[in-house]
Protein chains: 2
Amino acid sequence: MTLTTYEQAQGKGQSALRTALLDTASGLLVDEGPGALSMRRIAAAAGCSTTVLYTLFGGKDGLVEALYIEGFARFRRRFETVHDDDPPGYLWALGRAYRDNALAERNYYGLMFEKPIPGFQPSPEALRAAGETFDYLERAVRACLDHGRIAPGDPRVIAESFWSVVHGVVSLELAGHLSDPEAVFMAAITACAPRFEPGAHPDDPKEGTCPAVS
Amino acid sequence: MTLTTYEQAQGKGQSALRTALLDTASGLLVDEGPGALSMRRIAAAAGCSTTVLYTLFGGKDGLVEALYIEGFARFRRRFETVHDDDPPGYLWALGRAYRDNALAERNYYGLMFEKPIPGFQPSPEALRAAGETFDYLERAVRACLDHGRIAPGDPRVIAESFWSVVHGVVSLELAGHLSDPEAVFMAAITACAPRFEPGAHPDDPKEGTCPAVS
DNA sequence: TATTATGAAGTAACGATGTTATGGCGGTGA
DNA sequence: TCACCGCCATAACATCGTTACTTCATAATA
């Protein structure tokens, strides 16, 4: 006979059970969107009753918060694959990775930055963990500062403003508001490009292709 | 005896009835957030049954879409109060007005850019009407171009990238991700400032206060 | 071994939600 | 007076998050 996801993980302790149920929920989120995240649906997909979900996660908000944190962890894993020896080029590549990840994991991105679960509000700890994901950006900004490739300033503020620019484009793109998302992405990023030395990065577009930079 | 909102509007034709019910829903949205927007709550607050809401709006999505459009109309009204003879200064002021309006009408902003109503997706027409709200930005960009105060490019793309920057900051600010929202707002906007002639706008910060501009 | 206790988990209920079918009520025309 | 028609309240249905109740397997103890 075939064992349900729940039965397979049951013997491996509570921790494995937790991750197994989270995987089930994650699959529902990715495949069908946040609307599929009902306690009954998740329990049925895993092969158990809703009671287990409540004892392990405390409620729907606890389960959604775990997915919220997982979403930022996926961002972090994506950032870890980015490498560039040139500091501004690295920052640029992180921006690209951000957009790539958001488009690839659209439903996770929605869970993180839209509010598709009516009552859910991330706890202060989850919010802090989310913010720490973007320490990657701050370190990249710091490297730019150390190499004198960027105008001086508070690295945190610069990193968060960079994050805001990339997030703004992606958010409007996903909402369907942008006529030409790729062009707007390039224009918005290169609008910040005067911070860097021109042509510092191989992906730096040729002059004239990006309207915001003279 | 006192008449309910519904009874007062009933005699003035269907159009007045529609706006009266929308006002009721708008009040619930502003006062208690999108979670208060249930068909039963709205009907009870107006003093009628849910049937009327279905005949007038077709369903919850129709009602929410009307509020969605109203949210962008409020943006438009806010933009109309902005005046500045200097083209880049006008664009700058529109950015400020955007943030001011988003913070003042937080729940409307949530309805427009977060997804607090599970099934709701704005129709293509609503999405187009929403985008037209930001023709203000495009016209402002055009004025900058006409006066040679900005590097040449597609006005629509430039306007949408400007919108993205402002929206990105406001969105992360409302989500609680920014350590110092005002500083990040200034940094992000002034990161685009090299498009304009330095000191073109009286609000242009002194050098050194904004880390992103050298 | 027999009995008890403990903890986990399934069942079913409660209130609330969006939606719709049913039925009544008040007008209008014959 | 009677039939008809449009509007609307009522009540039902399925689904949702949540929880009290019950069951059952396992471990500890006499």
Side-chain angles (χ1 to χ4, degrees), chain A residues 3-22 24-25 28-29 32-68 111 115-123, chain B residues 3-18 20-22 24-25 28-29 32-68 111 115-122:
Chain A
L3 296 177
T4 64
T5 305
Y6 171 72
E7 288 167 335
Q8 287 174 10
Q10 204 171 11
K12 303 176 186 172
Q14 221 175 24
S15 170
L17 216 162
R18 222 185 107 98
T19 59
L21 290 174
L22 267 185
T24 304
L28 281 172
L29 172 63
E32 304 186 36
L37 288 180
S38 88
M39 302 299 268
R40 285 176 173 87
R41 279 272 267 142
I42 298 168
C48 65
S49 82
T50 60
T51 315
V52 184
L53 297 176
Y54 281 90
T55 60
L56 282 180
F57 297 98
K60 184 173 185 180
D61 285 1
L63 199 150
V64 170
E65 177 154 304
L67 290 175
Y68 177 88
L111 189 71
K115 307 257 185 197
I117 311 291
F120 172 66
Q121 181 83 14
S123 69
Chain B
L3 296 177
T4 65
T5 305
Y6 172 71
E7 290 167 334
Q8 287 174 10
Q10 205 172 12
K12 303 177 185 172
Q14 221 175 19
S15 169
L17 215 162
R18 223 185 107 97
L21 290 175
L22 268 183
T24 304
L28 282 172
L29 172 63
E32 304 186 37
L37 288 180
S38 88
M39 302 299 268
R40 285 177 172 84
R41 280 272 267 144
I42 298 168
C48 64
S49 82
T50 60
T51 314
V52 183
L53 298 176
Y54 282 89
T55 60
L56 283 179
F57 298 98
K60 185 173 185 178
D61 285 1
L63 199 150
V64 170
E65 176 154 305
L67 290 174
Y68 177 86
L111 190 70
K115 306 257 187 197
I117 311 291
F120 172 67
Q121 181 82 14

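Per chain, numbering begins at 1; letters A, B, ... match sequence-line order. Only a predicted model underlies this, so the values are computations on that prediction, with no experimental measurement involved.
- Distances were taken from every side-chain heavy atom of V52(B) (C-beta onward) to each of dA20(D), dC8(D), dT19(C); the shortest belongs to dC8(D).
- Here the closest non-hydrogen pair linking Q121(B) and E65(B) is O-OE1, 4.3 Å.
- D61(A) places its CG atom 16 Å from the P atom of dC16(D), with the value rounded to the nearest Å.
- Rounded to whole Å, atom P of dG6(D) lies 16 Å from atom CG of L56(B).
- Between the base of dA9(C) and the side chain of S49(A) there is no donor-acceptor pair shorter than 3.5 Å.
- To the nearest 0.5 angstrom, R18(B) atom CZ is 8.0 Å from L63(B) atom CG.
- A straight line from CG of L53(B) to P of dT20(C) spans 13 Å, rounded to a whole angstrom.
- A straight line from CD1 of I42(B) to P of dA9(D) spans 15 Å, rounded to a whole angstrom.
- Across the protein-nucleic acid pair, K60(B) atom NZ and dT19(C) atom P stand 8 Å apart, rounded to whole Å.
- Distance I117(A) CD1 to dT18(D) P: 11 Å, rounded to the nearest Å.
- Nearest nucleotide to the R41(B) side chain, out of dA13(C), dT17(C), dC8(D): dT17(C).
- Heavy atoms of L37(B) sit under 4.0 angstrom from primed sugar atoms or phosphate atoms, though from no base atom.
- To the nearest angstrom, C1' of dG18(C) lies 16 Å from CZ of F120(B).
- Contact detail for A45(A) and L28(A): the closest heavy-atom pair is CB-CD1, 4.3 Å.
- In this structure, T55(B) reaches neither bases nor backbone, as no heavy-atom distance under 4.0 Å exists between it and the strands shown.
- Of the candidate nucleotides dA21(C), dT11(C), dG17(D), dG17(D) has the atom nearest to the side chain of R40(A).
- You'll find that the side chain of S38(A) is closest to dC16(D), out of dG18(C), dC16(D), dT10(D).
- The line from CG of L22(B) to CZ of F57(B) is 4.0 Å long, rounded to the nearest 0.5 Å.
- For Y54(B), the listed nucleotide lying nearest its side chain is dT20(C); candidates were dA9(C), dA13(C), dT20(C).
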CA sep, side-chain torsions, deciding dist, call: Y54(B), M39(B), side chain to side chain contact (heavy atoms under 4.5 Å, CB included): CA-CA 9 Å; Y54(B) 282 89; M39(B) 302 299 268; 3.6 Å; yes
